[in-house]
Amino acid sequence: PPEAREAHTKGLARFLESGNSNILGKRIEVTAQRADGSQFPSELAINVSYGRDDLPFFTAYLRDITQRKAAEAALRERERSTALLAELQMAFSQLNSAESIARVGCQLITKHFSLNRCALAELSDDARVANVFYELCGQDLHSVCGLKRTEDFASRNAMQRLRQGQVLVIDNVHDASIPSDIATNVAAMGGVSNICAPYIDDGRLKFTLSMSKSMPHHWLDSEILLAQELASMLYLRISRARAEEQLAESLQKVRDSSPR
């Protein structure tokens, strides 16, 4: 690549002058460039030999390691995802209230994805109204908690996809493919990239986990799958905590009404 040529030229000149080199006989990872100008990660090995005239002759071996790098990145992402799920499980096991579970869940998710907003919402039976019951967002953003019309934030097609259990993904709200009204509303909330993961129960859309970033972001398949798993985990754990809270309240009322 052009940005590496000067260093290559200087390294060659230094070797010819002093015989010293930092890379000869080693395998190093460098960015290589194809004839069409595209770049790719590679592994480079350079060896030197001398002819009858004692002039150095260099042999370079270059190997494309794009697939290896992608596999390594995928492994690191899986490890991060597994660590987040384990951390959430540990945290939830020590929490009793639905509010604390929502709060800690959003905190850990926001940290993991570097979000500027993490919001939890429950949907009405017809999915036309969303109750955003908890959110964690930057101090410079206004709150979206409360009852919201889903049509203000998602097209009819998008809502249909959510009802089918599909994750909605926006890499860049300014992309021309995003409907202008939806782009305006999402941008007004401070989001540039967004992902909305649904939870379906008994064939009905009941819950969504929405995650936003303040800059464009290409959501990886692994991140989308993780968002789906997080939506399921949060909904089930919050629902369980609410049921336990209601049971505790009912038992307390029975005790309070019982003759002493």
Original post:
Is any side-chain N of the basic residue among Glu29 and Lys69 closer than 4.0 Å to the acidic one's carboxylate O?
Top reply: yes
**OP:** Treat each ILVMFWY residue as a node, draw an edge where side-chain heavy atoms are under 4.5 Å apart, and state whether Leu24 and Tyr50 are in one component.
**Re:** yes
Original post:
Which pair of non-hydrogen atoms, one from Ala127 and one from Thr150, has the smallest distance, and what is that distance?
Top reply: O-OG1, 2.9 Å
Original post:
When you look at CD of Gln67, are more than 12 heavy atoms from neighbouring residues, nucleotides or ligands closer to it than 6.0 Å?
Top reply: no
Original post:
Do Met211 and Val173 sit in the same hydrophobic cluster, where Ile, Leu, Val, Met, Phe, Trp and Tyr count as joined when their side-chain heavy atoms come under 4.5 Å apart?
Top reply: no
Original post:
At what distance, to the nearest 0.5 angstrom, does CZ of Arg80 lie from CD of Glu223?
Top reply: 8.0 Å
**OP:** Sorted by first residue and then second, give each ring-ring contact (aromatic ring centres under 6.0 Å, His included) pair with at least one member in residues 111-138; sequence neighbours left out.
**Re:** none
Subject >> Atom OH of Tyr61 with >12 non-hydrogen neighbours under 6.0 angstrom >> reply: no
Original post:
When rounded to the nearest 0.5 angstrom, what is the spacing between SG in Cys137 and CG in Leu115?
Top reply: 11.5 Å
**OP:** Starting at OG of Ser42, measure out to CG of Asp64 and round the result to the nearest 0.5 Å.
**Re:** 7.5 Å
Subject >> Arg27 versus Ala45, closest heavy-atom pair with distance >> reply: CG-CB, 4.0 Å
Subject >> Between CD1 on residue Ile170 and CG on residue Asn194, distance to nearest 0.5 Å >> reply: 5.5 Å
**OP:** Answer yes or no: is there a side-chain heavy-atom contact under 4.5 Å between Pro56 and Val48?
**Re:** yes
Subject >> All side chain to side chain contact (heavy atoms under 4.5 Å, CB included) counterparts of Leu44, not counting sequence neighbours >> reply: Ile28, Val30, Ile46, Ala60, Leu62
Original post:
Can you tell me how far CH2 of Trp219 sits from CD1 of Ile224, rounded to the nearest 0.5 angstrom?
Top reply: 9.0 Å
**OP:** Could you note down all residue pairs passing salt bridge (Lys or Arg N to Asp or Glu O under 4.0 Å) where residues 131-140 supplies at least one of them, sequence neighbours left out?
**Re:** Arg117-Glu135
Subject >> Test item: Leu209 and Cys118 side chains (from C-beta on) under 4.5 Å apart, heavy atoms >> reply: yes
Subject >> Same apolar cluster (I L V M F W Y, side chains within < 4.5 Å links), Phe207/Val104 >> reply: yes
Subject >> Matching residue for Asp125 among Arg163, Lys206, Arg204 - test: salt bridge (Lys or Arg N to Asp or Glu O under 4.0 Å) >> reply: Arg204
Original post:
Who passes ring pair (Phe, Tyr, Trp, His ring centres under 6.0 Å) against Phe58, sequence neighbours left out?
Top reply: Phe15
Original post:
Does the salt bridge (charged side-chain N to carboxylate O under 4.0 Å, His left out) test come out yes or no for Glu43 and Arg68, once each step is laid out?
Top reply: CA-CA 11 Å; Glu43 189 174 75; Arg68 190 184 83 190; 3.5 Å; yes
**OP:** Could you state whether Leu85 and Leu120 fall into the same hydrophobic cluster, counting links through intermediate Ile, Leu, Val, Met, Phe, Trp or Tyr residues with side-chain heavy atoms under 4.5 angstrom apart?
**Re:** yes
**OP:** Using a strict cut-off of less than 4.0 Å between a Lys/Arg side-chain nitrogen and an Asp/Glu carboxylate oxygen, indicate whether Lys253 and Glu249 qualify as a salt bridge.
**Re:** no
Donor-acceptor list for residues 230-238 side chains, cut-off 3.5 Å, not counting sequence neighbours:
unit_1, atom_1, unit_2, atom_2, d
Arg237, NH2, Phe92, O, 3.3
Arg237, NH2, Leu95, O, 3.2

**OP:** Count the heavy atoms of every other residue, nucleotide or ligand shown that sit under 6.0 Å from CG of Asp202, and state whether that count exceeds 12.
**Re:** no
**OP:** Count the heavy atoms of every other residue, nucleotide or ligand shown that sit under 6.0 Å from CG of Asp221, and state whether that count exceeds 12.
**Re:** no
Subject >> side-chain hydrogen bond (donor to acceptor under 3.5 Å, both in side chains) partners of Arg240, counting only residues at least two apart >> reply: Glu244
Original post:
With clusters built from Ile, Leu, Val, Met, Phe, Trp and Tyr whose side-chain heavy atoms come within less than 4.5 Å, directly or transitively, what are the remaining members of the cluster of Leu147, listed by chain and number?
Top reply: Val129
Original post:
With side chains defined as the heavy atoms from C-beta onward, is the minimum distance between Val167 and Pro198 less than 4.5 Å?
Top reply: yes
Subject >> Qualifying side chain to side chain donor-acceptor pair (under 3.5 Å) pairs, either residue in residues 169-179, two or more places apart >> reply: Asp171-His218, Asp175-Ser177
Original post:
side chain to side chain contact (heavy atoms under 4.5 Å, CB included) with Gln164: which residues, sequence neighbours excluded?
Top reply: Gln160, Gln166
Original post:
Does Arg76 pair with Glu79 as a salt bridge, N-O distance under 4.0 Å?
Top reply: no
Original post:
Are Glu122 and Arg242 within salt-bridge range, i.e. N to O under 4.0 Å?
Top reply: yes
Original post:
Among all residues two or more places apart in sequence or in another chain, which pass the salt bridge (charged side-chain N to carboxylate O under 4.0 Å, His left out) test with Glu229?
Top reply: none
Original post:
If you group Ile, Leu, Val, Met, Phe, Trp and Tyr whenever their side-chain heavy atoms sit less than 4.5 Å apart, what else falls in with Leu205?
Top reply: Leu123, Met159, Leu162, Leu168, Ile200
**OP:** Please report the closest heavy-atom contact between Ser193 and His217, naming both atoms and the distance.
**Re:** OG-CB, 3.5 Å
Subject >> Heavy-atom closest contact (Gly105 atom, Leu88 atom, distance) >> reply: CA-CD2, 3.9 Å
**OP:** Any chance you could measure Ser100, atom OG, to Gln107, atom CD, to the nearest 0.5 Å?
**Re:** 10.0 Å
**OP:** Would you name the heavy atoms of Asn96 and Ala241 that are closest together and state the gap between them?
**Re:** O-CB, 3.5 Å
Subject >> Shortest non-hydrogen separation from Pro1 to Gln39 and the atoms involved >> reply: CB-NE2, 3.5 Å
Subject >> Counterpart residues, side chain to side chain contact (heavy atoms under 4.5 Å, CB included), relative to Met215 (two or more places apart) >> reply: none
Subject >> Any donor-acceptor N or O pair under 3.5 Å, side chains Ser38, Arg34 >> reply: yes
Original post:
Is a side-chain donor or acceptor of Gln246 paired with a backbone partner of Ala243 at a separation under 3.5 angstrom?
Top reply: no
Subject >> hydrophobic_cluster_shared for Leu84 and Ile195, side chain cutoff 4.5 Å >> reply: yes
Original post:
Ignoring hydrogens and geometry, is there a side-chain-to-backbone donor-acceptor pair from Ser143 to Cys145 under 3.5 Å?
Top reply: yes
